Structure formats: structure tokens, C-alpha cells
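Shown next, in C-alpha cells, is the structure this report addresses.
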Number of protein chains: 2
Amino acid sequence: MSGPRDEIEALIAQMARLPGLGPRSARRAVLHLLRKREGQMAPLAAALSRVAETARDCPICGNIAMGASCEICDSPARAIGEICVVEDVADLWALERGGAFKGRYHVLGGTLSALDAIGPEELRIPQLIARIRAEAVTEVILALNATVEGQTTAHYIAEALEGTGVRVTSLAQGVPIGGELDYLDDGTISAALRARRAL
Amino acid sequence: MSGPRDEIEALIAQMARLPGLGPRSARRAVLHLLRKREGQMAPLAAALSRVAETARDCPICGNIAMGASCEICDSPARAIGEICVVEDVADLWALERGGAFKGRYHVLGGTLSALDAIGPEELRIPQLIARIRAEAVTEVILALNATVEGQTTAHYIAEALEGTGVRVTSLAQGVPIGGELDYLDDGTISAALRARRAL
């Protein structure tokens, strides 16, 4: 096929690059949109273009911002004494869905990796240290993934913050809510046992 | 959350309405696009909006057209003697991927259904009969799904075309290429046995 159909094929190829969609499901999604051109395709195009134009990285914390800074940094309701450090905006969204944290965030944008030549400068770690010096921060919560890279990065940050007088904590490790011991890995069970609490 | 984040949440809700994407995968896809605003999000928005504006239903066959009529109807290389009748544009695309059919199509837009009050008028069947009268059509191939609704619709069309002198055929039923008998349903095996051919 050639000519005008190319535009549809190009659209399918672009959709297929989204995570969770392959060539087949992208074709199905585009067909679905082609059937609902007025009701769904045009509004989706408009919403995408509006967000693509407006969204930017918050200069303070690295979250996605729709204004000059993100709405968490802008909010007077969020405690300025606590900064929660996350790898990625996805992690920030996950914590926000929980709704348990009322402080502010700092998005690193990845983890330290000697192999990929990702050092502290690439990770907004200097900005974190500058924030801690400039703002009235009392606690830094390291909410990094429980992977080797995440924990290496957590240790690096904890060392870098030594002497600033700020309290450095990390998320508790243990049995997830609803988790069954039989299905948990040994590492999690050992961690939960070591961190056991009096009832 | 309220305010500017609403725009992102609205975009996620729109993405989640696509087939194959749920709320979680839509969120993942939007986050992916937010990270690649320049390289992927803006181009995807542009491609969607261009196709939404340009695409229309081909007035001749019902395929998606990017011009006044679709490129299959426009093509002088396609035989005008054969019309392949399909339920949906997705089926037309599937046949085109095979590349075995060199004639033209007629997209019904569904199947007859007394329950849903879908009669011949809703299915572009009058247009099909008008085309057969107006064009030099010699064969109508009914490539409808092998479902009860598809076969009911096929029989209706075959009866409606009686007396027009046009040859009405349907797709062969049998063992799919690469199919293993042990995994096939009884209906398919019976159909393949009834339609057996000399080697």
C-alpha cells in the first residue's frame, strides 16, 4: 500500500512505540479511533497536543509541571520539612495515589550506574543537596526501589547528606499488605523478620 | 488532586478508552509520552489530528479514505469485476495484508441483527445492490465472519442477489494453515471433511 494510507500506517507505527502496545494492538487502537473520529480521535489529539505544549519538568523537584513549577511544590498545604526522594515521576504518582505523604518530593530521574556512566550530576543529586541547604528540611525519606541500583543510590545520598543535620530515612521493607508468606521471596521474609515489631 | 494535573488525568482517561489499554497501562503510556514530549508526544498529537481531520468513509465501498474516495476504489489496477463483501474495515485490512485479493471491496459496517434492530438499510446492503447493477460486477465474494450473525448476513445477501446474474461465492472453510487437528473444534473438522478436495 502506498499514498494516503501511509499516514495511517505511520500513525500505527507511532502508537506501537507506546509501552503496552505492540503492532497488532496499535492497529486495533487506530481502527477504533478511525471509527470514532469526531468523538474520540480529535479530542485525544487535542488533549495530547495541549499537554505536550504545556507540560515541563518542575525546576524545583523534577515532577511534571503544568505551570512554572509543579502543583505539589506550589501547594501551601504540603509540609516543607519533609522531602521524599524518588527515582522517577511514576514512583511519585504511585506515592500520591496512596495519599499518605504530605511533604514534598525530589525526583532523581534514575539511579546511579557506573556501567551507563550515570553519576550524581546526571541525577539531580546536587540540586537535592542545594534544596536541603536552602529550605528548612528536617527529614529526607529515600523512597527508592528495593533493587541493587536503588539501594546503591540510597546509600550514596545518605552519605552525601551526612553532616547536614537532616534526618535520613528509607521506606520500611517487609510483607506487603495482603501478601502470603508462601509466595514471598526469601529476601523479603528475612527483611520482615529482621525488622519485626512488638504488637 | 486538582488543578493542572486534571489535564493529565483527563488524557489518561481518554487513552484508557482505547481497546487493549486499561487505566494502568494508559497511565504508563502517558508517563512514557510525558518523558518524550518533543520526540513522541507532539508528533503523535499531530499525526492523530491530521488523520482525524482527513479521514472519511469512502462513499463507494465504506473503507477509510484519506481522499474523496479510498485508494482501492481509486486504483486502476484493481479488478472491477470482483467485489469482496466484509463486515468491517478491520476485515478489509486483514484481507489486504494477505495481498491475495485484487478486486474491490464493500464494507457492510456490521451484521444483520434483529435484536439490535440492524436491518439491511443499516448495513449498506442497498448500496451493494446498486453497485452491482451499475458496475460490471461478475462475482461477489462474501468474506463474512464464520459466526452465526456473519452467516445469516451472507445468506440474506446471497438471496438478495438472486436474479442479478452475478456469481456469489464465500470463503472456504477448513483447517487453517499450520493448524493441528487435535486443537481444532469439531465444527471446523466437519466442515473441512465435507469440503475435502482431490489431491
Side-chain angles (χ1 to χ4, degrees), chain A residues 1-8 10-15 17-22 24-38 40-57 64-67 70-72 74-75 88-90 93 96-97 99 109, chain B residues 1-8 10-15 17-22 24-38 40-57 64-67 70-72 74-75 88-90 93 96-97 99 109:
Chain A
M1 296 211 204
S2 65
R5 261 302 296 280
D6 284 352
E7 249 177 300
I8 295 178
L11 176 58
I12 293 172
Q14 279 179 281
M15 291 287 284
R17 290 169 67 194
L18 294 179
L21 284 175
R24 265 169 179 268
S25 44
R27 168 165 287 122
R28 226 155 49 93
V30 169
L31 249 175
H32 171 91
L33 288 172
L34 279 169
R35 290 198 200 100
K36 311 202 166 178
R37 294 192 287 275
E38 298 280 306
Q40 279 194 34
M41 197 175 206
L44 178 60
L48 273 171
S49 126
R50 217 164 34 236
V51 171
E53 259 172 49
T54 325
R56 68 198 68 200
D57 294 333
I64 299 285
M66 298 295 281
C70 81
E71 55 186 355
I72 295 173
D74 283 346
S75 166
D88 200 277
V89 175
W93 288 14
E96 281 298 290
R97 281 200 295 279
Chain B
M1 296 211 209
S2 65
R5 261 303 294 281
D6 284 352
E7 249 177 301
I8 295 178
L11 176 58
I12 293 172
Q14 279 179 282
M15 291 287 284
R17 290 169 66 193
L18 294 179
L21 284 176
R24 265 169 179 268
S25 44
R27 169 164 286 123
R28 227 157 44 97
V30 168
L31 249 176
H32 171 91
L33 288 171
L34 279 169
R35 289 197 201 101
K36 311 200 166 178
R37 294 191 287 274
E38 299 280 306
Q40 279 194 33
M41 197 175 206
L44 177 60
L48 273 170
S49 126
R50 217 162 38 233
V51 171
E53 259 172 46
T54 325
R56 68 198 68 200
D57 294 333
I64 298 286
M66 297 295 281
C70 81
E71 55 186 355
I72 294 174
D74 284 345
S75 166
D88 200 277
V89 176
W93 287 15
E96 281 297 290
R97 281 200 296 280

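Residue numbers begin at 1 in each chain, while the letters A, B, ... track the order of the sequences. These numbers were taken from a predicted model, which means no experiment stands behind them.
Per-residue heavy-atom pair counts under 4.5 Å with chain B were compared for A:Met15, A:Arg56, A:Glu53, and the maximum is reached by A:Arg56. Among A:Gly20, A:Ser25, A:Pro43, A:Ala26, the residue making the largest number of heavy-atom pairs under 4.5 Å with chain B is A:Pro43. For the set A:Leu48, A:Leu18, A:Leu33, the entry with the most heavy-atom pairs within less than 4.5 Å of chain B is A:Leu48. Put simply, of B:Ala65, B:Ala46, B:Ala47, B:Pro19, the one with the most heavy-atom pairs under 4.5 Å next to chain A is B:Pro19.
The CG atom of B:Asp6 sits 10.0 Å away from atom CE of A:Met66, with the distance rounded to the nearest 0.5 Å. Once rounded to the nearest 0.5 Å, the distance linking CE of B:Met41 with CZ of A:Arg50 reads 10.5 Å. Atom CG in A:Leu44 sits 7.0 Å away from atom CG in B:Leu44 (nearest 0.5 Å). A distance of 5.0 Å separates CD1 in B:Ile8 from CH2 in A:Trp93, rounded to the nearest 0.5 Å.
Every residue meeting the side-chain contact (heavy atoms from CB on, under 4.5 Å) condition with B:Ala90, not counting sequence neighbours, appears here in chain and number order: A:Leu31, A:Arg35, B:Asp88.
Interface residue A:Leu34: backbone and side-chain heavy atoms are both found under 4.5 Å from chain B.
Here the side chains of A:Arg17 and B:Lys36 are not in contact, with every heavy-atom distance at 4.5 Å or above.
B:Arg37 contributes a side-chain N or O that, together with a main-chain N or O of A:Ala55, makes up a donor-acceptor pair within less than 3.5 Å.
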